[in-house]
2 protein chains.
Amino acid sequence: MARKSLVGVVADELLDRIISGEFPPGSSVPGELELSARHDVSRMTVREAMKTLEAQRILSVERGRGTFVNPLNRWSSLEAVLRAASEGQNGPAAAVQLIELRRMLETGACELAAQRITDAELEGLRDCVADMRKAHQGNDVASFVAADLAFHDQILQASENVFVAVLFEPLHRVLEQGRTETSKVPDIQEHAIGHHQNIYEALAARDPQQARNAMDAHMLQTLSDLRSYVLET
Amino acid sequence: MARKSLVGVVADELLDRIISGEFPPGSSVPGELELSARHDVSRMTVREAMKTLEAQRILSVERGRGTFVNPLNRWSSLEAVLRAASEGQNGPAAAVQLIELRRMLETGACELAAQRITDAELEGLRDCVADMRKAHQGNDVASFVAADLAFHDQILQASENVFVAVLFEPLHRVLEQGRTETSKVPDIQEHAIGHHQNIYEALAARDPQQARNAMDAHMLQTLSDLRSYVLET
DNA sequence: AAACGACAGATGTCTGACATCTGACAAAGC
DNA sequence: GCTTTGTCAGATGTCAGACATCTGTCGTTT
């Protein structure tokens, strides 16, 4: 059952303690010896756990002095920040902020893609929309979500901006589950197909402004879907 | 001179070898024993170096099988991706892509800020512009850059979106040096002051669309400045 | 009062050992 | 012949103890 290594367990628990506020930013975490005693593991295991948190800029290790918690805005792990931001009753607010972020990246990428997309990539997008239609008629939620994701991936790739793709990847993972939920509703599926069709046409026309607007409409629709979904459940 | 720990040195060199193409994505890197022999360090040191790269999703460690290089789009470290993307003659292209990314985030944050900014934050922005004017007249480049950065930071904070701030932080570090260079030119300083003034006024009017457009104009100007700067040097 | 030195506590590194997982190959059983 | 099983090499996971080195502090010395 517990498939994670000991290092992962220790790192997770330490991060939990940090997020819970036990070690606020700027303060120091217990020494390696103390943690190894607490978790009943060797010092090396604790060190490797610390190293993973240090690599994500969650901790700063200073030789001879100790290990300190960085302020949240220096963390480089979206997932960790998400965990921290979702504490207490902030879950919905964090979800909205994630969509806002996604909106920035996707509309921007779509604008760039309109200037750079190739004919082959356009064809791929058309196929994705066709797949979504087919899945919608056949009530195949899994295929629908897959085609949806493929569509957005294709645009990201067509934007030819590596950094956007890199920043978007963790978002992809985080938003994946929620997407499957909302995509179950037939009405939402139909809206999505329409928006994707519009985006495709704008990209085919290679009109950056129109492409951005089409994607923006899609994002706002998604945000609206999320709001009603979060409210009713 | 060499203030970095051994772990950092080993991690850096291994990352260099990966970026140079010696270990392409999907392939495996040498085992811990082989690396410890090559760098003349203990196996534990190699392991900690690997852990840092694994935490940045550059490597995937699989027990009993080996350690493998992830494809570039799974890396979570903007700096590492930047190093990889700047290889060979791709430096300028990477710089342009960074500005494009910055444009997405800053225009998006500015649009959000227009809906949420407080009076106190507006006053802070006005002070920043005033400081820029003062530094411009006094030929104080350092103060000018500082006020410029503070202005953008304030907007980021006013957007009230933690995730945008988190994604922007590494960009901040990367773009910092280039900013100091371009800010030396008096003409560019004057342009920047005008744009910042426009942004401030749009935010004061709490008009999201106008704020986005003002920031977008600023970003396009910056991109144009960068292009002419890169071309002539 | 300032400079020095000893000291405790923290992280950095090394050595060697054993545990456990994976993949491959060979031997045993049907 | 074909499947099953045992064994083995090689890889990562974890442990224990030791020593090195840096930092801040607190007396002691000058």
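Numbers restart at 1 for each chain; the letters A, B, ... are given by sequence-line order, proteins then strands.
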For A:Val41 and for B:Met50, find the nucleotide of DNA chain D with the closest heavy atom, then tell me which residue's nucleotide is more 5'. B:Met50
Does any part of the side chain of B:Asp153, heavy atoms only, come nearer than 4.5 Å to the side chain of B:His172, both counted from C-beta? yes
Would you check if A:Glu22 and A:Val69 make a side-chain contact, meaning some heavy-atom pair closer than 4.5 Å? no
Nucleotide [N], atom [atom2] - distance to [atom1] of [X] in whole Å:
X: A:Lys4; N: D:dG13; atom1: NZ; atom2: P; result: 14 Å
X: A:Glu32; N: D:dA16; atom1: CD; atom2: P; result: 15 Å
X: A:Lys51; N: D:dG13; atom1: NZ; atom2: P; result: 16 Å

Closest contact, heavy atoms only, B:Val164 versus B:Leu105: CG1-O, 4.4 Å
Correct closest heavy-atom pair for A:Ala109 and B:Met104 would be N-CE, 3.8 Å
Looking at the base of D:dG13, is there any donor atom on it, or on the side chain of B:Arg43, that sits under 3.5 Å from an acceptor on the other one? yes
Ion pair present between A:Lys51 and A:Glu54, side-chain N to carboxylate O less than 4.0 angstrom? yes
Looking at B:Arg74, I'd like to know if its CZ atom is crowded, meaning that more than 12 non-hydrogen atoms belonging to other residues, nucleotides or ligands lie closer than 6.0 Å. no
Counted 5' to 3', the first and last nucleotides of DNA chain C within 4.0 Å (strictly under) of a heavy-atom of chain A are C:dG9 to C:dC14
Testing D:dC15, D:dG13, D:dC22 for proximity to the side chain of A:Arg63, the answer is D:dC22
So, is B:Arg47 close to the D:dG13 phosphate, meaning a side-chain N or O under 4.0 Å from OP1 or OP2? yes
